[in-house]
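Report on the structure given below.
Worth knowing before you read on, the calculation uses all heavy atoms, side chains too, and leaves out hydrogens, waters and symmetry mates.
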Amino acid sequence: MATTTATGVIKPRRGFDTGVVSGGLKKLGEVTIPKKFFERISCGIEVMDSLINGDGIIRGQRITCAAPRGSGKTTFWLQYLQAVVTHNSGIRCAYLSNEEHITQLAYTAQRLGTTDVVADNMTDLDSIAAMMEHFDIIVIDSVAGLQHPDVNSDHIM
C-alpha cells in the first residue's frame with residue numbers, strides 16, 4: 001500500500017517494497033534481466049496470451065483490466081484462468097470477487113465451462129495478501145470493493 005503525503009507525493013508504506021528504486025542511469029543492454037521474465041505462465045491460447053504481455057503472465061505481476069460493466073471482464077478472466085489450469089499442471093489460480101456472489105460466479109462458470117476455477121468472495125486486503133503465497137495467479141474483481149481496517153471510507157473523497 002502507498003500513502004499520499006500532504007504535498008501529494010506518493011511514498012510506499014513502510015515495509016512495502018515496490019522493487020522500483022534508482023540505481024543510476026544504465027544502458028538497458030547492460031541490465032541483468034531476472035530469470036522470472038522468461039518463465040511466463042501461458043494459458044495455451046495464443047490470442048488470450050497475446051493480450052497479456054504477448055506471451056503470458058509473469059509471477060508477481062500486477063495487471064489492471066478496466067472496461068465498462070457488462071463488457072466481458074469476468075468472462076475473459078474465468079476463461080483465462082480455466083485455460084491456465086488446464087494447460088499447466090500445478091499452476092494455482094484463484095478468482096476473488098467482491099462484486100458478484102459466489103453462486104452467480106458458479107452459474108457463470110457452469111455456462112462458460114470454467115468450473116475448474118476456484119473462487120471466493122473476499123474484500124479484506126490482509127486476507128488476500130495472506131493467500132498470495134499459495135497461488136500463482138489471483139484475479140481480484142474489483143479493486144473498488146477492497147477494504148482494510150486502517151483505511152476508513154470517511155477519509156476518501
Side-chain angles (χ1 to χ4, degrees), residues 1-4 10-21 34-157:
M1 291 303 259
T3 57
T4 306
I10 297 176
K11 55 185 200 177
R13 186 184 245 182
R14 185 179 43 206
F16 184 78
D17 179 14
T18 62
V20 180
V21 294
K35 187 177 175 183
K36 74 177 187 174
F37 281 80
F38 302 101
E39 298 172 343
R40 309 246 176 160
I41 300 171
S42 169
C43 76
I45 302 171
E46 189 176 337
V47 70
M48 289 180 94
D49 280 333
S50 71
L51 293 171
I52 303 170
N53 293 335
D55 55 359
I57 291 177
I58 301 168
R59 280 181 176 80
Q61 179 180 12
R62 292 144 187 96
I63 298 171
T64 301
C65 178
R69 254 182 206 273
S71 61
K73 297 179 300 295
T74 299
T75 298
F76 174 83
W77 286 109
L78 287 175
Q79 290 177 328
Y80 188 85
L81 294 179
Q82 178 69 39
V84 167
V85 298
T86 301
H87 183 71
N88 300 279
S89 176
I91 296 294
R92 300 154 302 167
C93 302
Y95 188 96
L96 306 177
S97 179
N98 54 57
E99 290 209 346
E100 292 184 64
H101 192 274
I102 188 99
T103 54
Q104 179 64 33
L105 288 172
Y107 171 76
T108 302
Q110 185 177 19
R111 184 175 52 81
L112 297 173
T114 59
T115 55
D116 293 328
V117 175
V118 298
D120 196 3
N121 291 122
M122 294 184 82
T123 60
D124 180 65
L125 278 170
D126 287 334
S127 299
I128 292 169
M131 290 181 68
M132 292 176 123
E133 68 182 72
H134 304 291
F135 289 91
D136 299 294
I137 300 172
I138 296 177
V139 172
I140 301 171
D141 180 16
S142 96
V143 173
L146 296 177
Q147 300 174 9
H148 192 274
D150 293 341
V151 179
N152 183 333
S153 62
D154 293 340
H155 298 118
I156 299 173
M157 295 189 186

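Under the side-chain contact (heavy atoms from CB on, under 4.5 Å) criterion, A66 pairs with no residue, sequence neighbours left out. Taking the side chain to side chain donor-acceptor pair (under 3.5 Å) definition, one finds that E100 meets it with T74, sequence neighbours left out. The side chain to side chain donor-acceptor pair (under 3.5 Å) check on D49 picks up S42, Y80, with sequence neighbours excluded. For R92, the salt bridge (Lys or Arg N to Asp or Glu O under 4.0 Å) partners at least two apart in sequence or on another chain are D136. For L51, the side-chain contact (heavy atoms from CB on, under 4.5 Å) test picks out F76, with sequence neighbours left out. Every salt bridge (Lys or Arg N to Asp or Glu O under 4.0 Å) that E39 has, sequence neighbours left out, goes to K35. With sequence neighbours excluded, no residue forms a side chain to side chain donor-acceptor pair (under 3.5 Å) with S50. D124 meets the salt bridge (Lys or Arg N to Asp or Glu O under 4.0 Å) test with no other residue; sequence neighbours excluded. In this structure, the side-chain contact (heavy atoms from CB on, under 4.5 Å) partners of P68, at least two apart in sequence or on a different chain, are S71. In this structure, the side chain to side chain donor-acceptor pair (under 3.5 Å) partners of T103, at least two apart in sequence or on a different chain, are H101.
For the pair C43/H87, no side-chain contact is recorded, criterion being any heavy-atom separation below 4.5 Å from C-beta on.
With K36 contributing its side chain and I58 its backbone, the two residues share no donor-acceptor pair below 3.5 Å. Side-chain atoms of N121 do not come within 3.5 Å of backbone N or O of N98 as any donor-acceptor pair.
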Worked check of side-chain contact (heavy atoms from CB on, under 4.5 Å) between L96 and M131: CA-CA 11 Å; L96 306 177; M131 290 181 68; 4.2 Å; yes

side-chain contact (heavy atoms from CB on, under 4.5 Å) between I91 and R59, worked out: CA-CA 11 Å; I91 296 294; R59 280 181 176 80; 3.1 Å; yes

Residue pair F135, V118: steps toward the side-chain contact (heavy atoms from CB on, under 4.5 Å) verdict: CA-CA 11 Å; F135 289 91; V118 298; 4.0 Å; yes

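With V84 as the fixed residue, the side-chain contact (heavy atoms from CB on, under 4.5 Å) test singles out one of I57, I137, I45: I137.
The heavy-atom pair separating Y95 from S97 by the smallest distance is CE2-CB, 3.9 Å.
Residue pairs meeting the side-chain hydrogen bond (donor to acceptor under 3.5 Å, both in side chains) criterion with at least one partner in residues 107-116, sequence neighbours excluded, are Q82-D116.
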